[in-house]
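Scroll down for the structure; my scribbles are underneath it.
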Protein chains: 2
Amino acid sequence: MLNDRKRKILQIIIEDYIETAEPVGSRTIARKHNLGLSPATIRNEMSDLELLGYLEQPHTSAGRVPSAQAYRLYVDSMKEEPGVLTENDRALINSWFKERIRSMDDIFKSTAKILSRMTQNVSLVLANKKSTARFKYLKFLPLSDTQAILCIVTDDGAMDNGLIDIPAGMSAGEMDYLSGKMSNLLEGRQLTEITGDLLQEVYSAVSEDEVMLASLKKAIGKIAAKNSEQKVFLGGAKQLLNQPEFQDVGRVKNLLGILEEEKVVKDILNAGDDSGLKVTIGSENKFTGIKDCSMVQATYRLNGQIVGTMAVLGPTRMEYRKVIAVMNYLHKYLETILQEPK
Amino acid sequence: MLNDRKRKILQIIIEDYIETAEPVGSRTIARKHNLGLSPATIRNEMSDLELLGYLEQPHTSAGRVPSAQAYRLYVDSMKEEPGVLTENDRALINSWFKERIRSMDDIFKSTAKILSRMTQNVSLVLANKKSTARFKYLKFLPLSDTQAILCIVTDDGAMDNGLIDIPAGMSAGEMDYLSGKMSNLLEGRQLTEITGDLLQEVYSAVSEDEVMLASLKKAIGKIAAKNSEQKVFLGGAKQLLNQPEFQDVGRVKNLLGILEEEKVVKDILNAGDDSGLKVTIGSENKFTGIKDCSMVQATYRLNGQIVGTMAVLGPTRMEYRKVIAVMNYLHKYLETILQEPK
DNA sequence: ATTAGCACTCACATTGACAGAGTGCTAATA
DNA sequence: TATTAGCACTCTGTCAATGTGAGTGCTAAT
C-alpha cells in the first residue's frame, strides 16, 4: 500500500514530531535527513500521505502532523524490531528495585515510579489481589471472654484475620476442637467460595451458637473482600506538565480529574486484560477523557494468574519506542522477581 | 495598634481579594461597601496600611493586595468567632461519611476527599499508625515441615503475622509449648521494645535453634515497622488548577512534585503535631516549595493518642474562614466516629 | 479630618507591519 | 515520466505604537 519512500518519509515525520512537538515541514526534512530529494518532491509525497489519512495539517502553511492512523502503522511495524533499552537504563532499573523492595506494595510503587521516570509520562499500576488461594485451615485465638481472633491460613502461605464473637466462657479446648473440625471440612476450597451457605452447612455440623456464626460470616466476608481488592498506584502526574500538549491548563485538569477517580482508573486498567503488550492510540481509547491520549499497557502474570497491569498514559505524540522497550523489560524483570517467593 | 476604621478597611480588602483574586482599589471599596467614605479617604488609609506592612502593591497604580502579615491578623482575629458551617454543608459531610465508611482507611480517604471538595484546595491526610499497643501473646501456626506462621496478638485486639522458619520436624506440641513460654515472658511489652536483645534473651530461655531465632527477629521487626507506618492520603490536586494563582504551569509542577514525594508530605504533616488548629501562612512554612502557600492543619486524637493529621494546602489567598470551619467540624465529627470501636 | 480634582503611572488590549516557515502550482529539466 | 526550481500565497508569531481603564499621590478647598 505504501511504497518504501512514503514509508520512510512518514517515519521521519513521526519521529521528528515525537521529538520536537512541532509540525514538520518539507524543507526541514530535506535539510535534516539526507534523502537525496528536494523539498518539492517531499511535499508531493506528503500531500499523498495526507490524502491517505496519515498526515494532518493544523492549518494551511503549517507543517504536517502524524494522524492516529500514522501512529498505529508506526507502532505495528515496530512489533518486529521492538527496540531495546540501553545498558544504562537497564542497570538503573535493576538497582532501583534492588534497593527498595521490601514488600509486595513496594514492587508496585517502584514500578509506577520507574515507568513515569523513564518515559516522562503518567504511569498507572494496578495490583490485582484477586487471589485464587485455597483455604488451608483456620484457628481461633482467644482474646477475651467473649471475643476471639479468627485466623485463616491459605495454601500460598498467606494468612488473614478478623475479630469474632464467641459464646461467653468457651474454653480454649473447645475452640481448638471447633477449628479443627471446620478446617477439615473446608480445606481446599476457594476463599470466595466460603460464603454464607457453605459456611452455614459446615458450621452447623459442629456447633449451634448463632452469634458466633453471624460474626464468623461477617469476618470471613471481610477477609474475602480484602483479598480480592485491587489497588492502584500512580506515578509522575507532574511529568505531564513537561509535555507541550499539556501546557493548556484545561487539559491537565481534565486528566488529573480522571486520575483522581480511583474507580475510573481501575476500569481503564481492567479493560485491557489482553495478553502481552497493548497500545491504544487516541480515539481507540474507549474512555471519555483519554480519547486524546495514548496508552501502552501490559499485564503481568504469575503461573498464568494475572498479578497486575501496568500502563503508561500520555499524549498521542509519545515516545512509543522507548515506552515499549521499558515496558517489555520491566515486564520480564517483574515476572522473575515475582517468581521468587517473598 | 490599628484603629477600628483601618481594621475594617483591611478586612474588606482581605475578603474582597480572597473572593476575586484581583488587587483591590480604593474606588472599588467605596462603591461596593457603604462606608460613608470617599475613595480619597480610603486611599489615605490604605497608604497607611501599606506603611504598616499589611498591604502590598503589585505595581504602582494597581490596587493593593494583603500581605502575609494581614492574613495573620485576619486569621488570629477569627479565633474568637470561628465561623460555622451551613446546615447544608454539615448534612453533606454526615451523609458522605455514613455512606462509605467500612474500614479505617475509608475514613481517611473520605476525609481527604471532603476536605478538598469543600475547600477547593489540596488536602493532605496523614494516618498515624504509631501504635502503642502492647504485646499480648504469640502463637505459631504450622504451615509446612520447615515453616510456620507467627501470629502476634496485641491488647487492642489487633493481630499481625509473618512467616518464620522452624527446625525441621518440630511438632505442634513443641510449638505450643514454645509460644506459651515466650508469650508469658513478653506480655505487656511495647511492640517496638521487642527488638533483638530482649527477644534474644527470652528466646534463649526456651530454645536454642539459631535459624528460628533469626527468622523470628526478622518477622517481628517487620511487624513492628508496619505498625508504626504512616500512610498518606491526598485529595483534590486538580482543584489547584481552578485557582488563578496556579494558572502558571511552573507553579503547579512545583507543588505536584512535592505532593508526589510521600516522604516530604509526611515531613510536612508531622511537623505540625501541635494541639488544635494551626494555620501557617506563606513564608511561615518551613518547607521550601510551599513557602508561597498557606496551610491549615489539625491533629486529631483518640484518648490523647495522635491518630492522624489533616491539612488543607492552597494559595495564601485562601478562604480561611470556610476552611477553618470545615476543619473544626470534621475534627469534632471524626473524634466521635473514632470513639466507637470499628 | 475629609474630600474633590488633577496629573501621573502602569498593565493590558488592539492594531498594523513584517519576518519566517510552509504550501501548492506551474513550467522547466534530466 | 519523475523530479525540481521558482513563485505567489497563506498563516502564525513577534514587535512596536497607541489608546484605554483603573488606580495612585498630592494639593487645595471644604
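Each chain gets a letter, A, B and so on, in the order the sequences are listed, and its residues count up from 1.
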**Item:** B:E50: salt bridge (charged side-chain N to carboxylate O under 4.0 Å, His left out) partners, not counting sequence neighbours
**Value:** B:R64
**Message:** Any side-chain to backbone donor/acceptor pair from A:Q297 onto A:T309? Under 3.5 Å, distance only.
**Reply:** no
**Prompt:** Got a minute to check which stems DNA chain D is part of, using Watson-Crick or G-U wobble pairs under 3.5 Å, three or more consecutive?
**Reply:** C:1-30 with D:1-30
**Message:** I want to check something: taking the side chain as every heavy atom from C-beta on, are A:R72 and A:E284 in contact at a cut-off of under 4.5 Å?
**Reply:** yes
Please write out the pairs of protein N or O atoms and N or O atoms of nucleotides 27-30 of chain C separated by less than 3.5 Å, giving the distance to one decimal.
none

**Asked** Between B:E45 and B:H59, which is nearer to the 5' end of DNA chain C once each is assigned its nearest nucleotide?
**Response** B:E45
**Message:** If you assign A:R31 and B:P58 each to the DNA chain C nucleotide with the nearest heavy atom, which residue ends up on the more 5' nucleotide?
**Reply:** B:P58
**Asked** B:Q120 side chain to B:G314 main-chain N or O, any donor-acceptor pair under 3.5 Å?
**Response** no
Report all interatomic pairs (protein N or O, nucleotide N or O of nucleotides 16-21 of chain C) with separations under 3.5 Å.
none

**Asked** Judged by modelled atom types alone, do A:E319 and A:N121 share a side-chain donor-acceptor pair under 3.5 Å?
**Response** no
Can you tabulate the close N/O pairs, meaning under 3.5 Å, that link protein atoms to atoms of nucleotides 25-30 of chain D?
from, atom 1, to, atom 2, distance (Å)
D:dG25, OP1, B:R64, NH2, 2.6
D:dG25, N7, B:R43, NE, 3.1
D:dG25, O6, B:R43, NH2, 3.1

**Request:** Can you tell me which residue pairs pass the salt bridge (Lys or Arg N to Asp or Glu O under 4.0 Å) test with a partner in residues 234-248 of chain A, sequence neighbours excluded?
**Result:** A:E245-A:R317
